[in-house]
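All residue numbers in this chain count up from 1 along the given sequence. Quick note: numbers below take in every heavy atom, side chains included, and nothing from hydrogens, waters or symmetry partners.
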Amino acid sequence: MTHMTLDELIDALCAPDQALVLPRGFANPHSYRGYYDELAFEPEENVTVGSMLGACWAARGETYTGYKGGEYTMNGGTPCWLSLEGSSGGEEITPELLAALIAAGTLPTTPATA
């Protein structure tokens, strides 16, 4: 398994229905504490694919401050992690992980009208 880059993540998130709600997804991009020049997203529950894609686009070209200082600009080739901000733990975002997150998603239902 290999990390997905930010551009790979963006491409992969463009394919599914943007309204798909994932019980486990991500939000809040930040510099990963393990490797400051890499990007991490915080785990998030009940998030849409569209929201996750928006977080990815917001991070592209953005400069973040590392945990112990320094400025790191994220680009399309930046590896991505799923990790709480300030944590050096977490997990790599891989194609397999992303596929599992998306497979667990459901489309919102609309109540029947009487």
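The two residues C56 and F41 come nearest to each other via the heavy atoms SG-CZ, 3.8 Å. Annotation for L97 and I93: closest pair CD2-CA, 4.0 Å, computed over non-hydrogen atoms.
Side-chain contact between M4 and P95 is present, with at least one heavy-atom pair separated by less than 4.5 Å.
Here the straight-line distance linking atom CG of L9 with atom CG of L6 works out to 6.5 Å at 0.5 Å rounding. Between E8 atom CD and C80 atom SG the span is 9.0 Å, to the nearest 0.5 Å.
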Show the atom names and distances, to 0.1 Å, of all donor-acceptor pairs under 3.5 Å that link a side chain in residues 30-40 to residues at least two apart or in another chain.
residue	atom	partner	partner atom	Å
H30	NE2	S83	O	3.0
S31	OG	Y36	O	2.6
Y32	OH	S88	O	2.6
Y32	OH	G89	O	3.3
R33	NH1	G86	O	3.1
E38	OE1	W81	NE1	2.6

Validation: residues 64-73 side-chain donor-acceptor distances under 3.5 Å, sequence neighbours left out:
residue	atom	partner	partner atom	Å
T65	OG1	E71	OE2	2.9
T73	OG1	T63	OG1	2.6

Donor-acceptor contacts under 3.5 Å from residues 12-28 side chains, at least two apart:
residue	atom	partner	partner atom	Å
D17	OD1	A19	N	2.8
Q18	NE2	L13	O	2.9
Q18	NE2	P16	O	2.9
R24	NH2	E91	OE2	2.2
N28	ND2	E42	OE1	2.9
N28	ND2	E85	OE1	3.4

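Under the 3.5 Å distance criterion, the side-chain polar atoms of T78 are matched with a main-chain donor or acceptor of N75.
In this structure, the side chain to side chain contact (heavy atoms under 4.5 Å, CB included) partners of D7, at least two apart in sequence or on a different chain, are T5, I10, R60. Annotation: side chain to side chain contact (heavy atoms under 4.5 Å, CB included) contacts of P43 (sequence neighbours excluded): L82, L84.
Sorted by first and then second residue, the salt bridge (charged side-chain N to carboxylate O under 4.0 Å, His left out) pairs with a member in residues 47-58 form an empty list; sequence neighbours excluded.
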E62/M74 under side-chain contact (heavy atoms from CB on, under 4.5 Å): CA gap, chis, key distance, verdict: CA-CA 6 Å; E62 186 68 27; M74 306 303 161; 5.6 Å; no
